[in-house]
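First up is the structure itself, then whatever we jot down about it.
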Amino acid sequence: MKPVIVVHGGAWAIPDEMAKASVDGVKSAATAGFLAMKRGGSALDAVELAVRALEDNPTFDAGHGAVLNANGEVELDSIIMDGRTLAAGAVSSVKNIANPVSLAHAVMEKTDHVMLTDIGANMFAESVGIPTVPTDALVTECERTEWEKAKNYAVGVKELFNSQWGHDTVGAVAVDCSGNVACATSTGGIRNKMVGRVGDSPIIGSGGYADNLSGAVSCTGHGESILKVTLARLILFHVEQGKGAPEAVEVSLRYMGDRVQGGGGAILVSRTGEWAAKFTTERMAWAAVEREVLWKAVLNLSNSTMPFG
């Protein structure tokens, strides 16, 4: 099996001034994940490494660069899942953690649970030696300014995603040389969300899902809509019914739009290495590495390839 990794930086109305940084960020993350597999690492290693790179990049709404809730606080959500065993770990509403995807991985490996939330997740992080950082270290000056402008959440989540205020999730999916698949998704949520609001990102089957029998998915977009249709699992259902990767994602996104009027995007890699990156929002930054060729795009019509390395 030839390793494949696909990475996204969120489906939303990415403004022109952020387009290059968004593409550069997902390209760098996909490259790092692919190189990890090329050196013998697993798909699980690759997706965690890729998402950590995006969490460390203030361009994206995850870890550093996260948006603020109604109280001006950072609350982070993440999931990671191993398609070989169906083991999964997730955290929600965690504070002061720079890389929640690694905390989610620790939940998967060091507890009997799938998800920890809020203070319990932070207590667990301390118990396993995952360091905390000051909130200010995660928040950019730009986010502080935008938060002040948009304090009224009544604007509506869907309107935010259809404007340049909307900032969204990051994620990665991969299949490694052994044919094992994995996914990871991480987010700071939506600006001015209610305190304690949890979207799709950390929810197994919604924000992400991985199963060696079908493939791995990471989703992005209007979280409440994704939750209602369990988008990640819906996409893999269509794969199991015989649809190719692009069609499985397109049909599922169309269903979400028709059924609950929600926009978003998803990345998928099947167990055979077929992959897709599709979205119904204005833009989605994504990148994929397959057979040492790097693919990248911001807009549907700007797909391009370049030699890897």
Side-chain angles (χ1 to χ4, degrees), residues 1-10 23-57 60 62-63 78-90 98-109 169-187 201-202 204 207-220 232 235-236 245 266-277 285-296 307-309:
M1 173 69 69
K2 295 289 187 181
V4 178
I5 186 167
V6 190
V7 170
H8 73 79
V23 173
D24 288 347
V26 293
K27 285 166 59 179
S28 178
T31 299
F34 182 81
L35 288 174
M37 290 191 290
K38 194 175 179 182
R39 291 191 295 263
S42 68
L44 196 67
D45 296 330
V47 297
E48 181 177 6
L49 188 64
V51 169
R52 280 181 65 97
L54 296 170
E55 289 174 337
D56 289 341
N57 187 330
F60 303 103
S78 186
I79 190 171
I80 191 167
M81 187 166 184
D82 183 349
R84 183 177 65 86
T85 62
L86 300 188
N99 296 112
V101 70
S102 293
L103 180 56
H105 196 174
V107 172
M108 182 180 80
E109 292 195 337
T169 306
V170 304
V173 296
V175 58
D176 60 30
C177 296
S178 300
N180 295 315
V181 302
C183 74
T185 306
S186 185
T187 190
S201 296
I204 189 170
Y209 199 81
D211 186 344
N212 275 12
L213 299 181
S214 50
V217 175
S218 174
C219 298
T220 170
I235 290 168
L236 290 178
I267 53 175
L268 160 68
V269 64
S270 75
R271 64 188 184 93
T272 64
E274 185 187 19
W275 61 271
W286 62 268
V289 183
E290 174 192 25
R291 298 182 182 275
E292 300 196 359
V293 172
L294 177 65
W295 301 67
K296 53 91 178 177
F308 174 69

Under the rule for side-chain contact (heavy atoms from CB on, under 4.5 Å), what residues qualify as partners of [X], not counting sequence neighbours?
X: A210; answer: M81, V181, C183, A216
X: D45; answer: S42
X: S28; answer: none
X: A266; answer: V217, C219, I235, V249

Which atom names give the shortest non-hydrogen contact between [X] and [Y], and what distance separates them?
X: G9; Y: F60; answer: O-CD2, 3.5 Å
X: G33; Y: I5; answer: CA-CD1, 3.7 Å
X: Y209; Y: A232; answer: N-CB, 3.9 Å
X: A172; Y: I267; answer: CA-CD1, 3.8 Å
X: M108; Y: I80; answer: SD-O, 4.3 Å
X: V51; Y: S186; answer: CG1-CB, 3.7 Å

With a 4.5 Å limit on heavy-atom distance, are the side chains of V6 and L268 in contact?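 Not in contact.
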R271 side chain to L213 backbone, donor-acceptor under 3.5 Å: yes
Got a donor-acceptor contact below 3.5 angstrom from the S270 side chain to the T272 backbone?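 Side chain of S270 to backbone of T272, a donor-acceptor pair under 3.5 Å: yes, one is there.
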Measure the spacing between [atom1] of [X] and [atom2] of [Y] and express it to the nearest 0.5 Å.
X: I79; Y: H105; atom1: CD1; atom2: NE2; answer: 12.5 Å
X: S102; Y: E48; atom1: OG; atom2: CD; answer: 3.5 Å
X: M37; Y: N180; atom1: CE; atom2: CG; answer: 11.0 Å

Can you name the side-chain hydrogen bond (donor to acceptor under 3.5 Å, both in side chains) partners of [X], sequence neighbours left out?
X: E290; value: W275
X: N99; value: R52, E55, D56
X: S78; value: none
X: D211; value: none

Can you check side-chain hydrogen bond (donor to acceptor under 3.5 Å, both in side chains) on T185 and S201, steps first, answer last? CA-CA 6 Å; T185 306; S201 296; over 6 Å; no
